[in-house]
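The structure under discussion appears below in the form of C-alpha cells.
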Number of protein chains: 4
Amino acid sequence: MRHKDDNKNQAICDAAIELITKNGFADTSMSKIAKAANVSPATIYVYFENKEDLLNKLYLFVKQEMSAELLNGVNSNQPIEESFKIIWNNFYNYAVENPIRFAFTEQFANSPMIANCRWESMEFFRPLVELFERGKQQKVFKDISLEIFKAFTFAPLMGLIKEHLNGEIVLDKKALETTYEIAWDAITN
Amino acid sequence: MRHKDDNKNQAICDAAIELITKNGFADTSMSKIAKAANVSPATIYVYFENKEDLLNKLYLFVKQEMSAELLNGVNSNQPIEESFKIIWNNFYNYAVENPIRFAFTEQFANSPMIANCRWESMEFFRPLVELFERGKQQKVFKDISLEIFKAFTFAPLMGLIKEHLNGEIVLDKKALETTYEIAWDAITN
Amino acid sequence: MRHKDDNKNQAICDAAIELITKNGFADTSMSKIAKAANVSPATIYVYFENKEDLLNKLYLFVKQEMSAELLNGVNSNQPIEESFKIIWNNFYNYAVENPIRFAFTEQFANSPMIANCRWESMEFFRPLVELFERGKQQKVFKDISLEIFKAFTFAPLMGLIKEHLNGEIVLDKKALETTYEIAWDAITN
Amino acid sequence: MRHKDDNKNQAICDAAIELITKNGFADTSMSKIAKAANVSPATIYVYFENKEDLLNKLYLFVKQEMSAELLNGVNSNQPIEESFKIIWNNFYNYAVENPIRFAFTEQFANSPMIANCRWESMEFFRPLVELFERGKQQKVFKDISLEIFKAFTFAPLMGLIKEHLNGEIVLDKKALETTYEIAWDAITN
DNA sequence: AATGAATGAGGATTCATTCAT
DNA sequence: AATGAATGAATCCTCATTCAT
C-alpha cells in the first residue's frame with residue numbers, strides 16, 4: 001500500500017487557489033486543477049470527496065493559515081492597543097505577501113457558496129473576538145457590537161488592500177498608518 | 001424591422017441576476033437563464049453578444065440603477081452633511097429593498113470578472129465623487145483620498161448590510177444611525 | 001426554428017437497440033449510441049431526458065410495435081383457436097424477422113431496470129388478455145390464471161425462439177407446429 | 001506463501017451477486033463490490049483475473065450450486081416420475097430460498113455476456129439430461145427434443161417463480177402442484 | 001425579432017486496473 | 001496475500017453558441 005502523498009495534496013490546493021483567483025470559480029474545472037497540479041483528475045478524488053468539498057476545505061485551510069499569521073506576536077498580557085496594532089500590521093503583511101490566497105478568500109466569501117460560514121464562528125478566530133471583548137470591558141473600545149467593530153477596522157483595511165493589490169491605489173506604510181489612526185479613533189472612546 | 005422587446009430584455013436581466021445571486025456564477029447557464037426568463041436560449045443572443053457581454057451589461061445596469069437611487073434627493077445647494085446623510089440612507093434603502101441586486105453586485109465585484117472596472121470611473125457615480133471633493137474643499141472632510149473616504153463610509157455600511165441581509169445581525173434604523181455617526185466622525189475634521 | 005427530425009430520433013433508437021443487444025447494457029454508452037446514430041451526444045438529450053428515459057421509451061416502443069404485429073389478422077369474431085394460432089405464428093414471425101428487437105426486449109425484461117413494468121398491464125397487450133378471458137368463458141381454455149396460461153404458451157415459445165436465434169437449435173415450421181400442439185393441449189380442456 | 005482466504009473469496013462473490021441482482025450490471029463496479037465485501041479493490045484481483053473473469057466464475061459457481069441442489073435426493077433407481085418430481089420441487093425450493101442467486105442467473109442468462117454458454121453442455125447438469133434420455137427410452141416422455149422438453153417444464157416453472165419473487169403472483173404449494181400436472185401431461189405420453 | 005433544434009467541447013465524476021508497500 | 005494510492009480512459013450530461021426557419 002502506498003501512503004498518501006502530502007506533496008500531491010499541497011499541489012492540488014495550490015493549483016486550485018491560484019486558478020480560482022486568476023480565473024474565477026466558473027472557469028476553474030477539476031481537470032484544469034488536475035493539470036495545473038500535475039496530477040490525474042481522478043487523483044483529486046482520493047483527497048477530496050468532490051468539488052464542493054475541495055472548495056470548502058480550501059477556504060477553511062486558508063482562513064486558518066491566515067488567522068495563525070494574524071495572531072503572530074499577540075498575547076493577552078499586552079495592552080489592547082499593542083495587540084490591535086500588531087494584528088493590523090499582520091493582516092496587511094499577510095495579504096501583501098499572499099495576494100493570491102487573500103483574493104481567494106475574498107472571492108469565496110462573497111459567493112453564495114459559503115453564505116453560512118461565519119468568520120467569528122471559526123475556532124481559530126476566537127482570540128480576535130476575545131481581544132475585542134477585553135477591550136470593551138476595559139472601556140478602551142466603544143460599546144459597540146463585534147460587527148460594527150469589524151466594519152470600521154477590517155472592512156476598510158480589506159477594501160484598501162484589495163485596491164492596492166489591484167494596482168488601483170498604493171497603500172504604503174504611511175497610508176497604512178493613516179488608515180490605522182482613523183480606524184483606531186473610530187472604535188475607541 | 002420589429003423593435004426589440006424591452007420586456008424580454010428585462011426578463012432576461014432579472015432572471016440572470018436572480019439566478020446568479022441564488023446559485024452563483026458557476027451554476028448559472030444561459031439555458032437556465034433562458035428558461036427562467038421564459039425565453040429561448042437563442043433569444044438571449046438577440047439582446048447580448050455573448051455571456052460575458054450579458055454579465056458586464058448586467059453589472060453596469062444594476063450599478064447605474066443603484067447610483068440613480070443613491071442620489072435621489074441630493075443637490076449641490078444642500079450642505080455637505082445633508083447630502084451625505086441622504087446618500088447614506090438611500091444606500092441602505094436600496095440594498096434592503098433590492099437585496100438580490102445588491103448581493104449580485106457584491107458577488108460580481110469580488111470575482112475576477114471585472115477587476116478592471118472601477119467604481120468611480122463610472123460616469124454615473126461622478127456626483128458622489130464631486131460631493132467628496134466639495135467636502136474636502138470646504139474643510140468638512142479630512143484631507144484623505146477618495147479610497148480612504150469610501151473605506152470608512154461605504155465599505156462598513158456595505159459589510160453591515162450584507163450581514164443584515166444574511167440574517168446574521170439586525171441593522172435597524174437605530175443601529176444604522178449609530179453606524180452613521182461613527183462613519184461621519186471618522187471622515188470629518 | 002428547426003423542427004425535430006424524425007430520422008434522427010429513429011436513428012438513435014435503432015442504434016441503441018442494436019448496441020444493447022450486441023454488447024449489453026453495461027457496454028452501451030450514450031456516446032457510442034450517438035456515434036452509431038451519426039449524431040452528437042448532445043443531440044440525444046434533445047429527444048430523451050436522460051439514459052434511463054431513453055431505455056424506457058425504447059422498451060415501450062418495441063413492445064408496442066411487437067404487440068401490433070402480434071394481433072395482426074386477429075378479430076373477436078374468429079373462433080378462439082384461430083385467433084390463438086394466428087398470434088402464435090405472428091409471434092414467431094416477428095421474432096425471426098426482428099431478432100435484434102426481440103433479443104432487446106428479452107434482455108431488458110430480465111434486468112432490474114424495469115422490474116415493475118408488467119406485460120399485461122400495458123394497454124396494447126389488452127386484446128391478448130381479453131382473448132384469454134373469452135376462451136375461459138367458452139370453456140375452451142382450462143380454468144387457470146393468466147400467468148399459468150402464459151407460462152405454457154409464450155414462455156416455451158420464447159425460450160425456443162431464443163435458442164433458435166442463438167443457433168443452438170433449428171425451430172422450423174414443423175418444429176413450431178409440434179410445439180404449438182403441445183402448448184394447445186396444455187392449456188385447453 | 002499464505003493461502004488464499006476462502007472467506008474473502010466468498011464475500012466477494014456474495015457481494016457481487018447481490019449488487020448485480022439489485023442494481024444491474026451497469027451499476028455494479030469493482031469498487032462497489034469491494035466496498036460491499038469489505039475488501040480492497042486490489043484484493044479482488046488476487047482472486048479473479050479481471051471483471052469478466054469474475055462474472056463468468058460467478059455464473060458458473062451459482063449454476064453449479066444450483067444443479068447440486070436440484071439433484072438432491074435423485075438416483076437412477078427411482079421411477080422416472082419420482083425423479084422428475086423431486087427435481088421439480090428442488091428447483092422451486094432453491095429459487096425461493098435463494099431468490100438473489102436465482103435472479104442473478106436469470107439476468108445473466110439473458111444478457112449477451114454468455115450467449116455461448118449452454119445449459120446442458122455443463123458437466124453438472126448431465127444427470128438431468130440423462131434422466132430425460134432414460135425417460136424417452138422408457139416411452140414415459142414424448143419423443144421430443146431436449147429443448148422442447150425444457151420449454152414445457154423448466155421454462156414455465158422459471159417464469160412463474162420469477163413472477164412469484166417479484167410479488168406479481170403467489171405461487172404456493174397448490175399452484176405449484178397444478179403447474180406440475182400441466183407440465184407433466186405436456187411432456188408425457 | 002424570435003426560437004427550438006443541433007452540436008463539439010468540456011463539465012464533474014467513476015471506471016477497471018496497476019503500483020508500491 | 002492484501003491493500004490504499006494512483007491513474008488514463010471513459011462515464012453521463014450540460015455548456016455556450018449557432019443554425020434554419
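On a predicted model such as this, the values are computed, not experimentally measured, just so you know. Below, read A as the first sequence line, B as the second, and so on, with proteins coming before strands; counting in each chain starts at 1.
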Hey, which of D/Phe61, D/Phe25, D/Phe102 is the one that makes ring-ring contact (aromatic ring centres under 6.0 Å, His included) with D/Phe108? D/Phe25
Less than 4.0 angstrom between a side-chain N/O of B/Tyr47 and OP1 or OP2 of E/dA2, yes or no? yes
Spacing between A/His3 atom NE2 and F/dG4 atom C1', to the nearest angstrom: 11 Å
Residues of residues 12-42 of chain B with any non-hydrogen atom less than 4.0 angstrom from an atom of DNA chain E: list those, numerically ordered, please. B/Ser40, B/Ala42
Is it the case that over 12 heavy atoms from other parts of the model lie below 6.0 angstrom from the CD atom of B/Glu65? yes
Under 3.5 Å, is there a donor on one side chain and an acceptor on the other for B/Asp14 and B/Gln10? yes
Residue pair B/Tyr59, B/Leu55: steps toward the side-chain contact (heavy atoms from CB on, under 4.5 Å) verdict: CA-CA 6 Å; B/Tyr59 183 64; B/Leu55 293 178; over 6 Å; no
Which pairs would a plain distance check flag for residues 29-41 of chain A, meaning a side-chain donor or acceptor within less than 3.5 Å of a matching protein atom at least two apart in sequence or in another chain?
| residue | atom | partner | partner atom | Å |
| --- | --- | --- | --- | --- |
| A/Ser29 | OG | A/Lys32 | N | 3.2 |
| A/Lys32 | NZ | A/Asp27 | O | 3.1 |
| A/Ser40 | OG | A/Ala42 | N | 3.2 |

Between C/Leu58 and C/Leu54, is there a side-chain heavy-atom distance shorter than 4.5 Å? yes
Counting only N and O atoms by type, is there a donor-acceptor contact under 3.5 Å from the side chain of B/Thr21 to the main-chain atoms of B/Ile100? yes
Trace of the side-chain contact (heavy atoms from CB on, under 4.5 Å) decision for D/Phe104 with D/Leu19: CA-CA 9 Å; D/Phe104 169 76; D/Leu19 286 175; over 6 Å; no
With no hydrogens and no angle check, is any side-chain donor or acceptor of D/Asn166 less than 3.5 Å from a backbone partner on D/Glu168? no
Nearest whole Å is fine: how far is E/dA16 P from D/Asp53 CG? 14 Å
Secondary structure string for DNA chain E (Watson-Crick or G-U under 3.5 angstrom, | for other-strand pairs): .||||||||||||||||||||
From CG of D/Asn7 over to P of F/dA2, roughly how many Å is that when rounded to an integer? 10 Å
C/Lys4 NZ to E/dA6 P, in whole Å, measures 8 Å
Of C/Glu52 and A/Val46, whose closest DNA chain F nucleotide lies nearer the 5' terminus? A/Val46
What is the distance, to the nearest angstrom, from the CZ atom on D/Phe48 to the P atom on F/dA1? 14 Å
Quick check on DNA chain F: between D/Lys8 and B/Lys51, whose nearest nucleotide comes earlier from the 5' end? D/Lys8
In whole angstrom, give the distance that lies between atom OH of A/Tyr45 and atom C1' of E/dA12. 4 Å
Rounded to the nearest angstrom, tell me the gap between atom CD1 in C/Ile44 and atom P in F/dT14. 13 Å
